[in-house]
S.K.: 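Here you go, one structure.
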2 protein chains.
Amino acid sequence: MPKAESKPSEELILNAAVKVFTRKGYAGARMEEIAKEAGINRALLHYYFRDKETMFNIIFETKFKEFFTGLFGVFQSNASFTEKIRSIIDHEITVLSKHPDLARFVIMEIAQQPDRLVQFGQKLGLNPRLMLENFQKEILQNVEEGKIRPIDGRQLLMNIISICIYPFVAKPIIKTMMQMDENTFMDLMEKRKKEAYEFIINAITP
Amino acid sequence: MPKAESKPSEELILNAAVKVFTRKGYAGARMEEIAKEAGINRALLHYYFRDKETMFNIIFETKFKEFFTGLFGVFQSNASFTEKIRSIIDHEITVLSKHPDLARFVIMEIAQQPDRLVQFGQKLGLNPRLMLENFQKEILQNVEEGKIRPIDGRQLLMNIISICIYPFVAKPIIKTMMQMDENTFMDLMEKRKKEAYEFIINAITP
DNA sequence: GGCACTTTTGACAATTTTGTTAAACAATTA
DNA sequence: TAATTGTTTAACAAAATTGTCAAAAGTGCC
């Protein structure tokens with residue numbers, strides 16, 4: 001679907017590249033397909049961006065940021081523990097609803113080359129250790145106050161993240177198995193914000 | 001790492017192919033790498049299996065089965081609802097602990113070509129509609145008996161599956177962010193069987 | 001050993017994919 | 001309008017990947 005545009009340029013190419021890379025991954029993406037998606041000649045890709053890898057890195061960095069920053073941001077706020085949980089859920093489901101292939105793409109490419117996580121994580125100044133420590137402290141504090149039952153912070157964090165992200169990663173499976181069209185799925189995810197919150201709160205109240 | 005074996009044959013090749021395909025996916029896998037992994041000449045791959053796609057389909061089918069059958073089996077038993085939940089959790093975490101790349105591989109390849117789910121699902125006689133219906137009925141029944149709080153069956157099923165599977169899909173991310181080595185991770189997953197069960201039961205008790 | 005058969009390999013061919021280049025084209029400016 | 005600059009393309013070159021084949025090597029049998 002080439003666009004009949006007047007300005008075939010960097011942005012046009014990047015948008016096309018995002019689509020193809022996030023759908024197919026680095027190995028499955030074809031420069032030809034990106035060019036076709038952008039409606040231009042393949043050589044232009046090399047004119048604006050040196051090569052496939054350079055293009056990929058630019059796109060991966062923005063997607064990496066989209067995927068991770070919100071999560072880290074929440075833990076720097078001074079909302080209550082339960083409000084933080086609500087924020088995470090809301091944020092994750094909102095973002096992933098808008099960017100259907102984001103989670104799968106980032107996870108796959110990190111699995112393919114785990115050092116990307118370190119490399120791009122440092123570049124964006126992410127500090128997982130600190131984040132996890134804060135999370136653990138907050139849990140301990142809430143446990144002592146009797147607000148939540150004792151629970152391993154790593155397990156709880158994994159539970160929250162899993163509940164939010166997995167449905168999007170496995171979206172093609174879930175849609176088919178539960179016989180949902182796109183709208184039904186999106187609707188279910190919107191309801192999931194409330195549902196997941198209640199599920200998790202219930203799970204951790206003593 | 002070619003093996004100094006006496007019987008370079010189908011099985012040797014298949015084992016190598018499983019490793020490469022599940023790690024790299026169809027698009028990222030190289031016939032050369034499979035041959036090297038098996039310690040044989042690349043032409044042999046074509047002698048025993050016609051081509052890359054044929055090889056892939058054989059492997060995908062076995063992995064597809066590994067991934068899905070257990071899940072469907074549980075719902076045909078006549079254990080109590082909570083026991084079924086325990087079974088699912090136990091089974092999923094046990095299987096995925098043994099086959100590190102299984103979930104990521106199957107999910108990715110279905111995302112790449114969703115009709116594979118229909119195609120191989122039929123071939124194995126899986127019936128997701130029936131499974132989901134049974135699950136929903138059982139929930140309704142348990143809700144009426146006051147054993148669990150009202151909850152959308154699709155959401156609950158997604159929650160259970162998410163909690164079990166996501167940690168393995170995102171394993172490279174989780175290991176790095178939480179600074180765990182392989183053993184620590186596996187240990188955490190073993191503990192997770194109990195932890196996840198309690199989490200979910202807590203979440204659904206009224 | 002010689003024969004029939006299967007297995008294995010190296011060399012080659014075909015195809016796919018990426019990357020380069022020179023020239024055409026367009027826009028801007030002097 | 002000619003010159004300069006930046007953009008776009010088709011054609012080509014290079015590299016990577018898959019697939020084929022004939023011959024070599026191995027195996028079992030007479």
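Here is the naming used below: chain letters follow the sequence lines, and residue numbers restart at 1 for every chain.
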S.K.: Can you figure out which of dT9(C), dT9(D), dT8(C) approaches the side chain of Tyr48(B) most closely?
M.R.: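 Selected nucleotide: dT8(C).
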S.K.: Just the table, please: protein N/O against nucleotides 17-19 of chain D N/O, every pair under 3.5 Å.
M.R.:
| residue | atom | partner | partner atom | Å |
| --- | --- | --- | --- | --- |
| dT17(D) | OP1 | Arg30(B) | NE | 2.9 |
| dT17(D) | O5' | Arg30(B) | NE | 3.4 |
| dT18(D) | OP1 | Lys52(B) | NZ | 3.0 |
| dT18(D) | OP2 | Met31(B) | N | 3.1 |
| dT18(D) | O4 | Arg42(B) | NH2 | 3.2 |
| dG19(D) | OP2 | Lys52(B) | N | 3.2 |
| dG19(D) | N7 | Arg42(B) | NH2 | 2.9 |
| dG19(D) | O6 | Arg42(B) | NH2 | 2.6 |

S.K.: Is the Phe81(B)-Phe135(B) ring centre distance short of 6.0 angstrom?
M.R.: yes
S.K.: Ring centres of Phe21(A) and Phe56(A) under 6.0 Å apart?
M.R.: yes
S.K.: Can you tell me how far C1' of dT16(C) sits from NZ of Lys36(A), to the nearest Å?
M.R.: 14 Å
S.K.: Rounded to the nearest Å, what distance is computed from the CD atom of residue Glu10(B) to the C1' atom of nucleotide dT6(C)?
M.R.: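 Going from CD in Glu10(B) over to C1' in dT6(C) covers 13 Å.
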S.K.: If the test is side-chain hydrogen bond (donor to acceptor under 3.5 Å, both in side chains), which one of Lys194(B), Arg192(B), Glu198(B) qualifies with Gln155(A)?
M.R.: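 Exactly one candidate clears the test, Arg192(B).
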S.K.: Provide, to the nearest angstrom, the distance between the CZ atom belonging to Phe49(A) and the C1' atom belonging to dT7(D).
M.R.: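 Interatomic distance, CZ of Phe49(A) to C1' of dT7(D): 14 Å.
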S.K.: Of all heavy-atom pairs between Phe199(A) and Arg149(B), which one has the smallest distance, and what is that distance?
M.R.: CA-NH2, 3.6 Å
S.K.: Can you check the Asn41(A) CG to dG19(C) P distance for me, whole Å?
M.R.: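 Computing the Asn41(A):CG to dG19(C):P distance gives 14 Å.
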S.K.: Using atom CG of Leu44(B) as one end and atom P of dT8(C) as the other, report the distance to the nearest whole Å.
M.R.: 5 Å
S.K.: Side chains of Thr184(B) and Asp187(B) only: does a donor on one sit below 3.5 Å from an acceptor on the other?
M.R.: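 Short answer, no.
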S.K.: Answer yes or no: does a side-chain N or O of Tyr47(B) lie under 4.0 Å from OP1 or OP2 of dT9(C)?
M.R.: no
S.K.: Let me see the working for Phe67(B) and Ile165(B) under side chain to side chain contact (heavy atoms under 4.5 Å, CB included), right down to the final yes or no.
M.R.: CA-CA 10 Å; Phe67(B) 186 66; Ile165(B) 298 182; 3.7 Å; yes
S.K.: Take the protein atom CD of Glu33(A) and the nucleotide atom C1' of dT18(C), then report the distance between them rounded to whole Å.
M.R.: 15 Å
